[in-house]
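Reading through the structure tokens given below for one structure.
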Amino acid sequence: MELRQLRYFVAVVEEAGFTRAAERLHLAQPGLSAQVRQLERELGQPLLDRSGRSVRPTEVGEAVLPYARAALAAVDGVRQTVEEYTGLLRGRVAVGLVPGTLTHAFDMAGRLADFHDAHPQVEVTLTEDTSDRMLAALRRGELDLAVIGIAGDAPPGVGLHVVIDEPLVAAAVPGHPLFVEYDGADGLPPAALRGHRLIGLPRGTGVRGVLEQLCTEAGFRPHIAFEAATPDALCRLAARGLGVAVVPGLGPRPGLCTLPVADARARGRVALAWRSEGPVPPAARELLRRLREGMGGGG
């Protein structure tokens with residue numbers, strides 16, 4: 001069994017056909033097919049179902065696929081590690097971001113640009129998604145690093161470096177019944193949100209998780225009338241009188257009254273996250289080091 005045969009097998013599965021796989025690998029299709037058949041003969045089982053319009057892995061192929069990918073990833077990791085020690089940092093880093101990260105004051109775009117200037121041969125890909133989905137992708141190895149919202153402690157196998165930690169506030173237009181009732185108060189108990197139209201971040205985000213937990217413990221399910229992807233968007237909706245936005249208290253909110261949510265757990269926390277178990281590719285490790293040094297922590 002040769003590594004190139006595993007690489008060919010994985011490419012055929014990912015491209016669902018020999019023609020596209022050969023084009024991707026810059027090979028002649030007959031030679032690619034012959035190598036995959038040789039691998040199947042050596043293993044004694046067909047790995048690919050060639051009977052349909054597209055090529056699919058057999059049951060055995062599905063079982064073999066993760067091991068083939070792991071073997072290829074391990075070899076790539078060996079090469080990248082050696083290149084790192086010879087000063088030729090290469091590879092690819094997949095980074096996930098919660099919406100709004102690139103516009104935040106810690107200047108993620110600038111830090112990525114600095115990294116690219118220092119290591120132009122490293123390819124960096126960016127994906128925006130909810131925190132829950134990015135955390136799952138991080139654990140599966142589809143992401144190397146992610147900037148996520150967190151609602152509690154670090155999940156198993158994940159390291160966290162908190163870069164924002166702000167109290168959650170309720171924000172609404174002046175004269176809103178909730179703020180009339182709590183005029184002069186220092187804070188707003190979570191139970192006070194019962195029955196009000198709320199404007200919140202989508203499910204799967206850290207702030208939404210905290211909000212739902214606090215409301216559940218107060219004995220009710222929050223009425224989320226509007227959802228938006230960023231705190232600024234929530235405040236724009238609240239400024240139109242559409243409800244009460246629950247957002248991290250990052251400075252004044254023009255045109256809105258705000259009150260902190262009176263619970264020690266009512267925090268909007270954003271963290272840089274990475275896999276703390278297993279090998280981390282050298283390029284990802286270097287970018288993580290730079291981000292941890294440059295983004296500060298705690299707010």
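Just so you know, residue 1 is the first one in the sequence shown, and it goes up from there.
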Report whether [X] and [Y] are members of the same hydrophobic cluster (ILVMFWY, side-chain heavy atoms less than 4.5 Å apart, transitive linking).
{"X": "Ile199", "Y": "Val173", "answer": "no"}
{"X": "Val246", "Y": "Leu256", "answer": "no"}
{"X": "Leu72", "Y": "Val75", "answer": "yes"}
{"X": "Leu3", "Y": "Leu65", "answer": "yes"}
{"X": "Val169", "Y": "Phe226", "answer": "yes"}

Run the salt bridge (charged side-chain N to carboxylate O under 4.0 Å, His left out) check on Glu142 and Arg133 step by step: do they pass? CA-CA 11 Å; Glu142 297 168 7; Arg133 285 198 288 263; over 6 Å; no

Closest heavy-atom pair and its distance - [X], [Y]:
{"X": "Ala228", "Y": "Pro202", "result": "O-CD, 3.1 Å"}
{"X": "Gly268", "Y": "Leu168", "result": "N-CD2, 3.6 Å"}
{"X": "Leu160", "Y": "Ile150", "result": "CD1-CD1, 4.0 Å"}
{"X": "Val261", "Y": "Pro190", "result": "CG1-CG, 4.0 Å"}
{"X": "Val158", "Y": "Leu138", "result": "CG1-CD2, 4.2 Å"}
{"X": "Leu39", "Y": "Met1", "result": "CD1-CG, 3.7 Å"}

Flag side-chain contact, heavy atom, 4.5 Å: [X] against [Y]:
{"X": "Leu32", "Y": "Leu25", "answer": "yes"}
{"X": "Leu214", "Y": "Arg265", "answer": "yes"}
{"X": "Glu128", "Y": "Val98", "answer": "no"}
{"X": "Val270", "Y": "Val147", "answer": "yes"}
{"X": "Glu40", "Y": "Gln45", "answer": "no"}
{"X": "Leu193", "Y": "Pro222", "answer": "no"}

What's the verdict on salt bridge (charged side-chain N to carboxylate O under 4.0 Å, His left out) for Arg267 and Asp165, showing C-alpha distance, side-chain angles and the deciding distance? CA-CA 6 Å; Arg267 311 287 299 185; Asp165 188 354; 2.9 Å; yes

Got more than 12 heavy atoms from elsewhere within 6.0 Å of [atom1], [X]?
{"X": "Arg56", "atom1": "CZ", "value": "no"}
{"X": "Asp186", "atom1": "CG", "value": "no"}
{"X": "Arg240", "atom1": "CZ", "value": "no"}
{"X": "Arg37", "atom1": "CZ", "value": "no"}
{"X": "Glu59", "atom1": "CD", "value": "no"}

Thr127 and Asp129: side-chain donor and acceptor closer than 3.5 Å?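 No, because no side-chain N or O of Thr127 sits under 3.5 Å from a partner of the opposite role on Asp129.
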
Answer yes when [X] and [Y] have at least one side-chain N-carboxylate O distance shorter than 4.0 Å, and no when they do not.
{"X": "Glu227", "Y": "Arg208", "value": "yes"}
{"X": "Arg289", "Y": "Glu286", "value": "yes"}
{"X": "Arg203", "Y": "Glu212", "value": "yes"}
{"X": "Arg69", "Y": "Glu62", "value": "no"}
{"X": "Glu277", "Y": "Arg139", "value": "no"}

Hey, does the side chain of [X] reach the backbone of [Y] with a donor-acceptor pair shorter than 3.5 angstrom?
{"X": "Thr230", "Y": "Pro99", "result": "no"}
{"X": "Gln5", "Y": "Glu2", "result": "yes"}
{"X": "Ser131", "Y": "Gly149", "result": "yes"}
{"X": "His196", "Y": "Leu198", "result": "no"}
{"X": "Arg111", "Y": "Gly294", "result": "yes"}
{"X": "Arg292", "Y": "Leu272", "result": "no"}

Give, for atom CG of Leu259 and atom CZ of Phe179, the distance between the pair rounded to the nearest 0.5 Å.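 Answer rounded to 0.5 Å: 5.0 Å.
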
What is the distance from atom CZ of Arg7 to atom CG of Leu27, rounded to the nearest 0.5 Å?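 Between Arg7 CZ and Leu27 CG, I get 11.0 Å after rounding to 0.5 Å.
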
I'd like to check the ring pair (Phe, Tyr, Trp, His ring centres under 6.0 Å) partners of Phe115; sequence neighbours left out, ordered by chain and number.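 Phe115 satisfies ring pair (Phe, Tyr, Trp, His ring centres under 6.0 Å) with His119 once adjacent residues are dropped.
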
Are Leu145 and Leu287 close enough, and set up right, to give a side chain to side chain contact (heavy atoms under 4.5 Å, CB included), and what steps lead you there? CA-CA 9 Å; Leu145 308 172; Leu287 178 56; 3.9 Å; yes

Glu23 and Arg20: salt bridge (charged side-chain N to carboxylate O under 4.0 Å, His left out), yes or no, with the steps? CA-CA 5 Å; Glu23 292 173 352; Arg20 289 190 296 272; over 6 Å; no

For a side chain to side chain contact (heavy atoms under 4.5 Å, CB included) check, start with the C-alpha distance between Val93 and Thr125, then their side-chain angles and the critical distance, and finish with the verdict. CA-CA 6 Å; Val93 185; Thr125 63; over 6 Å; no

Partner set under side chain to side chain contact (heavy atoms under 4.5 Å, CB included) for Pro281, not counting sequence neighbours: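 Side chain to side chain contact (heavy atoms under 4.5 Å, CB included) check on Pro281 returns Gln80, Asp144, Arg275, Ala284.
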
